[in-house]
Amino acid sequence: MDQLALEPDQYSICINGVCVYKGRQKGKTEEDIILILVKLKEKIFGNIEYILNNQTIYYMVENLSMQYPYITRNIVPDVVSYSLLRQVVIHLLKDYRCTVSPLVLIIEAIENNIGITDTRELAGKAAVYIGDGFKLDNWLK
């Protein structure tokens, strides 16, 4: 959406209504656009805890319900809370650089290690469980 307060060559990256970055577009070449996209990716991952709230996690779990009804009826939120799942997902993204697309495997890993209270350690166990094939570096090229 256009912002009238911005100059024609200026852009801002806002997350949930909060401006996290302002910059100027130097040109319209492919390299200039790639630079903006790299900055956007950097800001998204740097502020992921503000983007992923419990409601977002709820929707992610609900999307699994057709394919994996047992997960949504028996594990989340009774065994693995939305809040715990959110914290583990944030650590997976920020600290372990893993994608969260195998959400069902992440939930299984948390359930298998439910005695661990440190969410970063739990995310580490989940990262090992889902494997290197789900590292962000393999997906974001």
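Model, not experiment: these values are computed from the prediction.
Residue Y58 qualifies as open at atom OH: its count of foreign heavy atoms under 6.0 Å is 12 or below. Counting heavy-atom neighbours within 6.0 Å of K43 NZ, excluding the residue itself, gives a total above 12. Residue-environment remark: CD (E30) stays at or below the threshold of 12 foreign heavy atoms within 6.0 Å.
If you chain together hydrophobic residues whose side chains sit under 4.5 Å apart, V128 and V104 never meet in one group. Residues F45 and V38 fall into different hydrophobic clusters, defined by Ile, Leu, Val, Met, Phe, Trp and Tyr side chains chained together at heavy-atom separations under 4.5 Å. No continuous path of ILVMFWY side-chain contacts below 4.5 Å connects M66 to I106, so the two sit in separate hydrophobic clusters. By the rule that hydrophobic residues join a cluster once side-chain heavy atoms approach within less than 4.5 Å of another member, I34 and I44 end up as members of separate clusters. A continuous path of Ile, Leu, Val, Met, Phe, Trp and Tyr side chains, each step under 4.5 Å between heavy atoms, connects L92 with Y59, placing both in one hydrophobic cluster.
Distance alone, capped at 3.5 Å, is enough to place a donor-acceptor pair between the K135 side chain and the Y96 backbone. The backbone N or O of L52 lies less than 3.5 Å from a partner atom in the side chain of R86, making a donor-acceptor pair. Within the 3.5 Å criterion, the main-chain N or O of T56 finds a donor-acceptor partner in the side chain of N53.
The heavy-atom pair separating V61 from T72 by the smallest distance is O-CG2, 3.2 Å. Summarising the geometry of C98 relative to A127, their closest heavy-atom pair is SG-CB, 3.9 Å, with the distance given to 0.1 Å. The shortest heavy-atom contact between P102 and T99 is CD-O, 3.8 Å. When all heavy atoms of N113 and A109 are compared, the closest pair comes out as ND2-O, 2.8 Å. The two residues A123 and H91 come nearest to each other via the heavy atoms CB-CB, 3.4 Å.
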Review point. Between L105 and E108, does a side-chain contact (heavy atoms from CB on, under 4.5 Å) hold up when you go through it step by step?
Key: CA-CA 5 Å; L105 296 178; E108 285 177 10; 3.8 Å; yes

Practice item. Take V100 and L93 through the side-chain contact (heavy atoms from CB on, under 4.5 Å) test and state the conclusion after the steps. Key: CA-CA 7 Å; V100 295; L93 288 165; 4.1 Å; yes

Exercise for review: Quick one: do V80 and V88 satisfy side-chain contact (heavy atoms from CB on, under 4.5 Å)? Show the steps, please.
Suggested key: CA-CA 11 Å; V80 176; V88 170; over 6 Å; no

Exercise for review: For side-chain contact (heavy atoms from CB on, under 4.5 Å), just list the numbers for L64 and I107, CA-CA rounded to whole Å, side-chain angles, deciding distance to a tenth of an Å, and then say yes or no.
Suggested key: CA-CA 11 Å; L64 291 176; I107 293 169; 4.0 Å; yes

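Between E49 and Q87, every side-chain heavy-atom pair lies at or beyond the 4.5 Å cut-off. Counting heavy atoms from C-beta on, the side chains of Q55 and Y82 never come closer than 4.5 Å.
For the side chain to side chain contact (heavy atoms under 4.5 Å, CB included) with F134, the qualifying choice from L136, I130, D132 is I130, the only one to do so.
With rounding to the nearest 0.5 Å, the separation of OG in S81 from CG in N54 is 7.5 Å. Once rounded to the nearest 0.5 Å, the distance linking CG of N63 with CG of L103 reads 9.5 Å. Going from atom CG of L40 over to atom CG of L35 covers 11.5 Å, rounded to the nearest 0.5 Å. The CG atom of N112 sits 10.0 Å away from atom CG of L122, with the distance rounded to the nearest 0.5 Å.
Under the rule for a ring-ring contact (aromatic ring centres under 6.0 Å, His included), Y68 has no partner lying at least two apart in sequence or in another chain.
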